[in-house]
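Only heavy atoms go into these numbers, but all of them, side chains included; no hydrogens, no water, no symmetry mates. For clarity, every value in this text was computed on a predicted model and none was experimentally measured.
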Amino acid sequence: MMEKVVLFAFNGEIMCFVHALLNVLDLEEKGFEPALVVEGQATALITKLAQPHNPMHSLYVKCKEKGLIHGVCRACAAKMKVLEEVKSQDLPILDNMSGHPSMADFIKKGYRVVTF
């Protein structure tokens, strides 16, 4: 059985988020069952990374196409004014804990939680 790891990316700093993207890809390539959850200020990066001229666009698209982005926090995306962009990109919206994703739900499913 593959080990499950979920990365919760909160930090709105682009280089920190890029490391979350790199790590979720690395985990997948090494046989783990990874998931990325975009939270907090990191939700604002979705709009920036979706732009083809962004140097990190291809990395973002690769994670998205592989289905590694498990979801985006509804409350934080709304606060950062990117909820409509998230929806337009067909990214799953997570809101089962007062509008935010629940870490407990991931833990119950056997995931190890790592935060960025």
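- For Asn11, there are no side-chain hydrogen bond (donor to acceptor under 3.5 Å, both in side chains) partners at least two apart in sequence or on another chain.
- Both Leu68 and Phe116 belong to a single network of hydrophobic side chains, linked directly or stepwise wherever heavy atoms of I, L, V, M, F, W or Y lie under 4.5 Å apart.
- The shortest heavy-atom contact between Met56 and Val18 is CG-CG2, 3.6 Å.
- No chain of hydrophobic side-chain contacts below 4.5 Å, direct or via other Ile, Leu, Val, Met, Phe, Trp or Tyr residues, connects Met80 to Phe10.
- Side-chain contact between Ile46 and Val82: absent, with no pair of heavy atoms (C-beta onward) separated by less than 4.5 Å.
- Leu7 and Tyr111 fall into different hydrophobic clusters, defined by Ile, Leu, Val, Met, Phe, Trp and Tyr side-chain heavy atoms under 4.5 Å apart, directly or through other members.
- The OG1 atom of Thr43 sits 11.5 Å away from atom CG of Leu91, with the distance rounded to the nearest 0.5 Å.
- When the salt bridge (charged side-chain N to carboxylate O under 4.0 Å, His left out) test is applied to Glu84, the partners found at least two apart in sequence or on another chain are Lys87.
- Two residues are said to be in side-chain contact when any heavy atoms from C-beta on lie closer than 4.5 Å; Leu59 and Phe17 fail this criterion.
- The shortest distance between side-chain heavy atoms of Cys73 and Val37 does not fall below 4.5 Å.
- Taking the side chain as every heavy atom from C-beta outward, Ile14 and Leu49 approach each other to under 4.5 Å.
- The ring-ring contact (aromatic ring centres under 6.0 Å, His included) analysis of residues 41-95, with sequence neighbours excluded, yields the pairs His70-Phe106.
- The hydrophobic cluster containing Val24 also contains Leu22, counting ILVMFWY residues as joined when their side-chain heavy atoms lie under 4.5 angstrom apart, directly or transitively.
- Legend: residues meeting side-chain hydrogen bond (donor to acceptor under 3.5 Å, both in side chains) with Gln41, ordered by chain and number and at least two apart, are absent.
- Note: the hydrophobic cluster containing Leu36 does not contain Val6 (ILVMFWY, side chain heavy atoms under 4.5 Å, direct or indirect links).
- Within the structure, the side-chain hydrogen bond (donor to acceptor under 3.5 Å, both in side chains) test picks out the following pairs touching residues 23-32 (sequence neighbours left out): Asp26-Lys30, Glu28-Lys66.
- To the nearest 0.5 Å, atom CG of residue Leu25 and atom NZ of residue Lys62 are 5.5 Å apart.
- Taking a 6.0 Å sphere around NZ of Lys64, one finds it holds more than 12 heavy atoms contributed by other residues, nucleotides or ligands.
- Taking every heavy atom of both residues into account, Cys76 and Gly40 meet most closely at SG-N, 3.3 Å.
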Tell me which donor-acceptor pairs under 3.5 Å the side chains of residues 92-104 have, and how far apart each pair is, sequence neighbours excluded?
{"from": "Asp95", "atom 1": "OD2", "to": "Arg74", "atom 2": "NE", "distance (Å)": "2.7"}
{"from": "Asn96", "atom 1": "OD1", "to": "Ser102", "atom 2": "N", "distance (Å)": "3.2"}
{"from": "Asn96", "atom 1": "ND2", "to": "Asp105", "atom 2": "OD2", "distance (Å)": "2.3"}
{"from": "Ser102", "atom 1": "OG", "to": "Ala104", "atom 2": "N", "distance (Å)": "3.3"}
{"from": "Ser102", "atom 1": "OG", "to": "Asp105", "atom 2": "N", "distance (Å)": "3.2"}

